[in-house]
Amino acid sequence: EFRRFSLERSKPGKFEEFYGLLQHVHKIPNVDVLVGYTDIHGDLLPINNDDNYHKAVSTANPLLRIFIQRKEDADYSAFGTDTMTRKKNVLSNVLRPDNHKKKPHIVISMPQDFRPVSSIIDVDILPETHRRVRLYKYGTDKPLGFYIRDGSSVRVTPHGLEKVPGIFISRLVPGGLAQSTGLLAVNDEVLEVNGIEVSGKSLDQVTDMMIANSRNLIITVRPANQRNNVVRNSRTSGSSGQSTESSLPSSTANILGNLLQGEEESDEEDIVIEDSGEPQQIPKAAPTSESIESLSQIELLHESTQNGFLPSSEMNSHHSAGSISMEYDVPDPGRKSLEEDGTIITL
Amino acid sequence: QTVEHGFPHQPSALGYSPFLRLMAIGTRSGAIKLYGSPGVEFMGLHEENNTVMQIHFIPDQCQLVTLLDDNSLHLWSLKQHGGASELREEHRFTLKGPPGSPPSATQITAVLPHSSREVLYLGTESGNIFVVELPSFRVLEDRTISSEAVLQRVPEDNCNRRSCELVEALREHPKNPDQILIGYSRGLIVLWDLQNNKVTHHFLGSQQLENLYWQRDGNKFISCHYDGSYTQWPVSSDNRQPEPLENTVPYGPFPCKAISKIYWQTTKNGLPYIIFQGGMPRASYGDRHSISVIHGSQQTAFDFTSRVIDFFIIFSSEPTAEFDDPSAMVVLAEEELVVIDLKTAGWPAVHPPYLASLHCSAITCSHHVSNIPLKLWERIISAGSKQNLHYSSMPWPIDGGTNIAPDPPQRDLLLTGHEDGTVRFWDASGVCLHLLYKLSTVRVFLTDADPNDNMNTLGEDEWPPLRKVGTFDPYSDDPRLGIQKIYLCKYSGYLAVAGTAGQVLVMELNDEDAEHVVDHAEADLLQDQEGYRWKGHEKLKTRDGPVRFEAGFQPFVLVQCQPPAVVTSLALHSEWKLVAFGTSHGFGLFDHQQKRLVFVKCTLHPSDQLALEGPLSRVKSLKKSLRQSFRRIRRSRVSSRKRRGGSGNTSEVQEANAKFDQDTLQEMELAPVQRKIEARSAEDSFTGFVRTLYFADTFLRDSSRHCPSLWAGTNGGTVYAFCLRVPPAERRMDEPVRAEQAKEIQLMHRAPVVGILVLDGRSTPLPEPLEVAHDLSKSPDMQGSHQLLVVSEEQFKVFTLPKVSSKLKLKLTALEGCRVRKVTVANFGSCKSDDYSENDLAVLTNLGDIQIISLPFLKLQIRYPCIRKEDVSGIASCVFTKYGQGFYLISPSEFERFSLSTKWLVEPRCIVDMPEVTTNNHVHSKSGVENAARKSSFFPTLFLERKSGRLMEHALLNDEKVLKEIQSTLEGGR
């Protein structure tokens with residue numbers, strides 16, 4: 001069944017309301033459904049919380065194609081990267097899921113709160129032996145979950161090889177953010193924390209720096225295992241960027257923002273309670289900023305436009321022409337190296 | 001860094017020059033400090049950082065020689081440079097024997113600087129005495145006094161090689177510089193003639209020798225012995241092998257401990273002063289650190305609080321004077337300096353103007369108040385003078401040198417809180433940190449030890465006649481009495497003091513003794529939180545009824561927090577008559593005018609079990625990691641001991657050792673210590689710990705009306721603001737003070753809030769209470785909008801008021817990896833123009849760096865390293881003054897002073913002039929000495945060697961010290 005209806009883009013409301021609206025227009029009030037939409041890349045992506053709902057609405061151009069499946073016979077594998085390019089007709093896939101299933105897909109559960117947890121950034125400017133990883137702690141209850149230690153590493157200097165002290169990842173907590181990203185491993189050497197070199201700093205100093213940046217931690221490591229490095233100028237390189245990016249809620253802009261930008265913006269917002277009232281975020285007092293006292297999601301949307309970021313559709317097209325080869329890769333049918341773990345999809 | 005205050009940590013040697021009237025103290029870390037009249041002080045540091053074993057001034061020179069425990073000799077000089085004297089190391093020297101000889105052959109045990117000022121006699125473990133020329137330290141080999149030469153004329157039955165082992169003492173004849181007395185440890189004493197290179201007299205002592213002392217006329221000398229006896233020997237030309245005149249065991253007949261040093265001083269009235277160290281009956285008083293003074297029938301054994309390092313007597317050094325006439329005894333004990341006036345009856349102690357024992361009870365906190373009004377200053381001094389009546393009125397006897405530093409610009413007070421519940425008031429205006437007044441809070445409470453039962457009341461006929469001297473008393477009756485926070489209002493004289501068991505005392509200065517009841521209130525900080533059990537200490541019991549207080553600060557209000565946890569923050573507003581206090585559970589506000597608790601606020605997070613139970617469990621987890629560190633250090637210590645034992649002299653061994661050291665160090669550095677990386681959460685323990693309290697008159701609710709307010713910051717990054725309503729002065733007693741919570745700010749990075757400050761419309765920090773009333777500050781600008789500065793350990797943030805919106809921030813930890821430990825507003829004046837000054841933040845980080853950050857724009861102005869980052873207690877003890885100076889503890893007993901401002905510098909600047917040398921005293925055969933020196937130029941069987949610094953070992957030592965301090969702090973029951 002096809003339905004077409006209009007929605008006010010500036011006031012999309014909550015996902016709950018939207019879900020009710022869908023059930024209402026289809027007259028299926030008591031049927032559990034999965035909601036999906038196609039984004040500008042042609043990927044079929046789920047809508048199941050406020051974040052990705054708002055993202056979907058904001059990317060509508062102007063039409064937003066929404067697919068609804070009954071939950072019991074839903075094909076979870078239909079979602080995700082390249083779904084639309086892989087299958088010429090996503091519709092047929094959705095409607096007749098059993099016909100085209102040649103290889104069994106790994107089933108990814110449908111998380112309630114779908115958000116980025118990690119990304120590899122600055123691939124274009126870093127040496128191939130290094131990896132810059134960004135961990136998004138904000139809003140997750142999951143612990144960062146890793147430990148660091150002192151160690152020594154070997155450097156090439158004008159006087160030959162030299163042993164120098166270094167900081168290493170010593171342990172990953174099972175189920176922690178660091179482990180689940182798969183981007184960090186035990187014995188990886190930590191080179192930088194949020195753009196600041198750690199050489200010459202003590203273990204405690206580095207610990208303090210990481211904790212102080214824990215809400216937006218960017219660590220540059222030299223992985224102990226150098227076999228998974230991104231090979232420059234090869235378009236078949238890792239796709240973790242895309243897998244996270246494509247499932248983004250509204251804060252996409254932040255991921256793509258460079259180090260400094262990101263550091264400033266995804267920073268903590270302090271909370272003030274006036275006269276024992278409701279907690280509110282403390283607005284910026286900068287004269288150019290209109291102070292909006294609102295919930296964080298809207299605040300984020302607001303900020304992303306304010307900081308000179310275009311809405312993400314334009315943003316993406318702009319960047320795809322750019323140099324970040326990571327973020328958009330060519331279809332790779334043999335992609336087997338995907339690791340799935342709960343909410344996270346990474347290389 | 002300008003000057004060190006207090007008592008040197010671990011002193012190890014003492015020297016005195018009667019000529020310069022300067023005293024020198026050496027320490028185990030290789031420091032050497034010279035003191036003269038107040039304000040005259042010099043400091044030097046041996047590069048090796050080895051223990052200073054002996055200090056000897058060169059007679060009639062501005063020079064001294066130090067002997068370190070690595071057997072090296074160092075020559076130091078006081079030279080004038082740029083109008084002031086400076087202490088410099090000139091030469092160093094290590095005596096080396098021929099290759100293959102045992103190290104003991106050249107191990108120096110006794111040093112005698114000869115009065116000719118040209119040679120040093122060096123007694124060694126082997127019994128040989130070497131002669132070196134000054135200042136070149138050239139060995140004059142042909143003048144070596146070998147033990148063989150000494151033994152030639154000793155009677156057969158005493159003549160075996162062993163009798164000449166180890167030179168214990170070398171003493172020059174007081175009248176004839178060509179004769180020196182040599183004492184060997186086995187008891188043999190000989191008088192050696194330098195002219196003829198032969199023994200003139202033998203004195204056959206039967207007891208192991210400890211020390212020797214010539215009487216003034218040179219006709220007799222005294223030897224003191226290991227068995228607690230001393231012996232008087234006659235020296236005359238007719239008897240070459242005299243018998244002792246007198247042999248006494250002063251504290252016999254039971255076995256006694258050794259007498260390690262003795263003086264025999266003549267007086268006009270004929271009765272000598274016999275002064276000796278030790279000699280106590282071994283069984284019953286063997287543990288006492290005593291020095292006995294006997295003068296006729298008077299005898300006192302001064303009983304010191306810690307081990308006696310050394311002592312000297314100040315007596316008439318005029319060569320023409322007939323008698324010694326001792327005036328004072330100066331005793332360097334391990335923890336304090338005691339000077340006894342020997343001229344006044346009863347031999348009272350002299351109050352030292354410097355070298356105060358800051359740590360007579362461990363320092364628990366400190367507070368600095370700049371620019372004290374003269375009135376308050378005088379009242380404190382007068383209160384203090386009543387406490388010091390038992391001191392001698394004798395002027396300070398060590399009075400060499402001239403202080404040429406300008407007078408201190410203002411009167412500054414440093415208040416130190418101690419573990420035993422006392423607060424000491426120090427004059428910190430100048431170079432000499434001087435005790436003005438001591439306040440005890442103990443009287444308010446009932447403690448186990450009744451202050452009336454005095455341990456010192458010994459009966460008249462007590463033997464030995466011990467008398468306790470000194471103030472060092474590290475044993476606290478009750479750790480709960482410890483002082484944790486101090487706040488003094490210099491305008492009103494109100495003082496608030498808070499302690500370990502949640503007690504808060506408000507005091508007032510009273511010039512008279514008084515007896516009154518202390519009003520008592522309790523503040524239940526848990527309020528209605530249920531189900532918590534405090535496992536820490538109990539609250540202190542108070543004394544019922546009126547208590548007698550001596551003149552000075554007298555408490556009139558006591559607030560006890562419940563649970564009785566350590567008070568972690570304190571603020572006093574003397575104008576509003578309010579005191580605010582915080583613990584790990586919450587904070588409260590008390591009206592000390594109406595003596596009424598205004599409100600309490602619990603800051604605990606419900607899941608913070610640790611804070612509720614008390615401090616015990618926390619220590620346990622920390623101890624574990626400490627134990628690990630100790631284990632590592634122990635391992636490295638074993639290895640360094642091994643190296644000592646080897647003691648081979650070849651460079652190969654040393655090289656190998658150095659390499660071994662390096663490896664050990666590296667291993668230590670790279671040991672797998674891990675750190676968890678986790679974002680802070682609200683559930684972390686001790687988030688409710690109140691770190692800072694601040695009173696401000698500002699715009700809290702709306703921008704039209706300002707009102708008194710109280711701000712509190714917690715360990716979990718929360719700031720609470722309360723709006724206060726203080727009734728006007730005329731109705732102050734009639735209406736209650738009201739408080740209402742107006743704001744609560746949660747910093748999302750959740751780092752501990754260490755400072756809160758309100759800036760007025762001109763972006764100047766609000767003045768202190770009563771500052772404006774006393775015309776000492778411009779009244780704050782209430783027209784422009786105010787700003788709130790919140791300093792957490794990680795960030796500085798400026799918010800607007802009354803509507804809180806964030807305006808500026810400076811991240812520290814995220815960018816530098818350091819955290820804020822202390823922060824204060826400091827006023828920096830310009831050296832060039834008197835009317836320019838600016839306010840900045842002075843910040844101390846956990847790395848020991850000091851940073852100056854501008855207000856209100858939060859720009860980093862300057863940064864420099866100040867304290868070693870391993871020196872945890874130094875960083876914790878740091879206190880800033882209002883004018884850009886600071887103090888921190890470099891040891892339990894010493895404050896280092898530093899200045900960030902070029903305008904206010906307090907540092908020693910002094911001159912030591914060479915007094916007129918009275919040459920007639922030294923009519924000795926210079927020519928003979930010179931001839932001998934010439935002959936011996938080239939026989940280089942003895943080597944000079946320069947020692948390289950053993951940096952590695954110090955790194956370990958220092959580290960260990962730090963760890964010990966941490967441990968002791970933890971075990972201190974906090």
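All chains are named by letter (A, B, ...) in the order of the sequence lines, taking the proteins before the strands, and each is independently numbered beginning at 1.
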For this session: For each of B/Arg701, B/Glu740, B/Glu793, tally heavy-atom pairs with chain A at distances under 4.5 Å, and name the one with the top tally.
Result: B/Arg701
For this session: Name the option with the most non-hydrogen atom pairs under 4.5 Å to chain A; the candidates are B/Thr800, B/Val798, B/Ile745.
Result: B/Ile745
Exercise. So which part of B/Leu808 gets closer than 4.5 Å to some heavy atom of chain A, the side chain, the backbone, both or neither?
Worked result: neither
Kindly give the heavy-atom pair with the smallest separation between [X] and [Y], and that separation in Å.
X        : Y        : result
B/Glu816 : A/Gln205 : O-NE2, 3.5 Å
B/Ala814 : A/Ile196 : O-CD1, 3.5 Å
A/Asp208 : B/Glu794 : O-OE2, 4.5 Å
A/Ile282 : B/Ser805 : CG2-CA, 3.5 Å

Measure the spacing between [atom1] of [X] and [atom2] of [Y] and express it to the nearest 0.5 Å.
X        : Y        : atom1 : atom2 : result
A/Thr207 : B/Lys676 : OG1   : NZ    : 12.5 Å
A/Leu217 : B/Ile677 : CG    : CD1   : 8.0 Å
B/Lys811 : A/Asn194 : NZ    : CG    : 7.5 Å
A/Ser202 : B/Glu870 : OG    : CD    : 9.0 Å

Exercise. Please, which pairs that meet ring-ring contact (aromatic ring centres under 6.0 Å, His included) have at least one residue in residues 146-169 of chain A, sequence neighbours excluded?
Worked result: none
Exercise. Would you say B/Phe857 has more than 12 foreign heavy atoms packed within less than 6.0 Å of its CZ?
Worked result: no
For this session: Apply the side-chain contact (heavy atoms from CB on, under 4.5 Å) test between B/Val804 and each candidate in A/Val272, A/Ile271, A/Asp270; give the one that qualifies.
Result: A/Val272
For this session: Could you tell me whether the side chain of B/Glu678 and the main chain of A/Pro143 form a donor-acceptor pair under 3.5 Å?
Result: no
Exercise. Would you call A/Asp204 and B/Lys869 a salt bridge, taking side-chain N to carboxylate O under 4.0 Å as the test?
Worked result: no
Exercise. Between B/Gln674 and A/Arg171, is any pair of side-chain heavy atoms under 4.5 Å apart?
Worked result: yes
